[in-house]
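So the structure is just underneath, and the comments pick up after that.
The figures that follow rest on heavy atoms only: side chains count, while hydrogens, waters and symmetry mates do not. Naming convention: chains lettered A, B, ... in sequence-line order (proteins, then strands); numbering from 1 in each chain. Computed from a predicted structure; not experimentally measured.
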Number of protein chains: 2
Amino acid sequence: MDIQATNIPAVDASGPDVVGIEATPDAGVQHCLQLLGNAGLRPTRQRLALGQLLFLNGHRHVTAESLYEEAMAANAYLSLATVYNTLNQFTEAGLLRRIAADGIKSFFDTDTSVHPHFYLEGEDMLVDVADGLAFTKIPEALPGHEIARLDVIVHLRRKRT
Amino acid sequence: MDIQATNIPAVDASGPDVVGIEATPDAGVQHCLQLLGNAGLRPTRQRLALGQLLFLNGHRHVTAESLYEEAMAANAYLSLATVYNTLNQFTEAGLLRRIAADGIKSFFDTDTSVHPHFYLEGEDMLVDVADGLAFTKIPEALPGHEIARLDVIVHLRRKRT
DNA sequence: ATTTGTGCAAATCGTTTGCATCTGA
DNA sequence: TCAGATGCAAACGATTTGCACAAAT
């Protein structure tokens, strides 16, 4: 079935959901409403739909394009431009973290903590590094500056056989 | 004065050079010719000009645009497309390392070793991290893959006063 | 002579923006 | 009501590409 189409927590006695909303849909919607409220963003239909896709399914790595297609598949009608705008707003609000893996497109990570990623060059995919990378020291920022972000990206390529 | 315009090491008894060619121009040209030869790239006028700008002035971080302007300033006539092509060829040949700092444009680093960078968000500049960052462990690549590259970028922003 | 590189402009790709319309507070 | 959001299409900036011409082996 479709994701919530209104910002009013609708009564919805549905079964398994294609977009992965958890057992009690209302709880998910409530959670998203709260995230939007805290961020000072109006709970519009579009933002709520994207919020549900992003924040009710564990940690995720999406691109604007992939999220847009996912929304279409879930029958959430919105434009690609709105997806871009919303991703930027969510990022500004600290709900997402933007990751520039390859210099072509941006990924958005629902895990906003500082953690390293694998970037699979052929597949154009971003994957969390389970463990195995640690710093002993983090550098001082240059005078007059502060650290805004620390990106660690391990580029992987298919091993040639 | 201008950078060498031919691939034949010309006798050139000039003084200080705007593009920073070292005291003995011939040596620089020879060095570039050798780099190109090792890379299996024909020593064309354009590649030699860009090679001199890139490899005779210590380690550098350039963008296609900045290198193009530099070449224009040095009276090396070539097109922006050629700069892009050449940077890609040099990168493929292992003479340069591509760095995706912000997801908008690419930087190219003449230091091809694995080392961390500061990216100054406001100024859109890339700077080497002098020291202060060290790994204790590097992760295993995923099965069937190998590590192609390890990018560490510390994003800095101007401290608000 | 044959292969390879160059230049230009057009094409492409990801992303942003202007503006008219709509919607939530 | 009225600020704030959306949708669309056009604008955009970085990069790549197709093709005719030029230069290197």
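Rounded to whole Å, atom P of dC13(C) lies 16 Å from atom OH of Y68(A). Following rounding to the nearest Å, L80(A) (CG) and dC12(D) (P) show an atom-to-atom distance of 19 Å. Atom CD in E92(A) sits roughly 11 Å away from atom P in dT16(C) (whole-Å rounding). Put simply, NZ on K105(B) is 8 Å from P on dT15(D), counting in whole angstrom units. Across the protein-nucleic acid pair, I99(B) atom CD1 and dA14(D) atom P stand 18 Å apart, rounded to whole Å. One atom, CD1 of I104(A), and another, C1' of dT16(D), lie 10 Å apart when rounded to the nearest Å. Following rounding to the nearest Å, L48(B) (CG) and dA23(D) (P) show an atom-to-atom distance of 16 Å. Following rounding to the nearest Å, L36(B) (CG) and dA23(D) (C1') show an atom-to-atom distance of 15 Å.
Between L95(A) and T110(A), every side-chain heavy-atom pair lies at or beyond the 4.5 Å cut-off. For the pair D109(B)/L126(B), no side-chain contact is recorded, criterion being any heavy-atom separation below 4.5 Å from C-beta on. Residues T86(A) and L78(A) form no side-chain contact, since every pair of their non-hydrogen atoms from C-beta on lies 4.5 Å or further apart.
Residue pairs that meet the ring pair (Phe, Tyr, Trp, His ring centres under 6.0 Å) test with at least one member in residues 92-123 of chain B, sequence neighbours left out, are H61(B)-H117(B), H115(B)-H117(B), Y119(B)-H155(B). Residue pairs meeting the salt bridge (Lys or Arg N to Asp or Glu O under 4.0 Å) criterion with at least one member in residues 51-65 of chain A, sequence neighbours excluded: R60(A)-E70(A). Evaluation of the salt bridge (Lys or Arg N to Asp or Glu O under 4.0 Å) test over residues 149-159 of chain A, restricted to residues two or more places apart or in two chains, returns R97(A)-D151(A), E123(A)-R158(A), R149(A)-D151(A), R157(A)-E146(B). Residue pairs satisfying the salt bridge (Lys or Arg N to Asp or Glu O under 4.0 Å) criterion with at least one member in residues 81-91 of chain A, sequence neighbours excluded, are absent.
Using a 4.0 Å cut-off, some side-chain N or O of Y84(A) falls inside it from OP1 or OP2 of dT15(C). Within the 4.0 Å cut-off from OP1 or OP2 of dT15(C), at least one side-chain nitrogen or oxygen of S106(A) is found.
In this structure S79(A) satisfies the side chain to side chain donor-acceptor pair (under 3.5 Å) test together with T82(A), sequence neighbours excluded. Looking at residues two or more places apart in sequence or on another chain, you find a side chain to side chain contact (heavy atoms under 4.5 Å, CB included) between Y84(B) and A64(B), L80(B). For I104(A), the side chain to side chain contact (heavy atoms under 4.5 Å, CB included) criterion is met by D102(A), not counting sequence neighbours. For R98(A), the side chain to side chain donor-acceptor pair (under 3.5 Å) partners two or more places apart in sequence, or in a different chain, are N88(A), S106(A).
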Show the atom names and distances, to 0.1 Å, of all donor-acceptor pairs under 3.5 Å that link a side chain in residues 36-43 of chain A to residues at least two apart or in another chain.
residue : atom : partner : partner atom : Å
N38(A)  : ND2  : Q34(A)  : O            : 3.4

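If you check every strand for non-hydrogen atoms under 4.0 Å, T63(B) touches nothing.
Heavy-atom distances under 4.0 Å link DNA chain D to no residue of residues 117-127 of chain B.
Across its full length, the helix from dA1(C)-dT25(D) to dA25(C)-dT1(D) shows an angle of 30° between the axes of its 5 terminal pairs at either end, rounded to 10 degrees.
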In B/S/- notation (B base, S sugar-phosphate only, - none; protein heavy atoms under 4.0 Å), nucleotides 1-7 of chain D written 5' to 3' is --BBSSB
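Looking at the side chain of A64(A), the nearest of the listed nucleotides dT15(D), dT15(C), dA24(D) is dT15(C).
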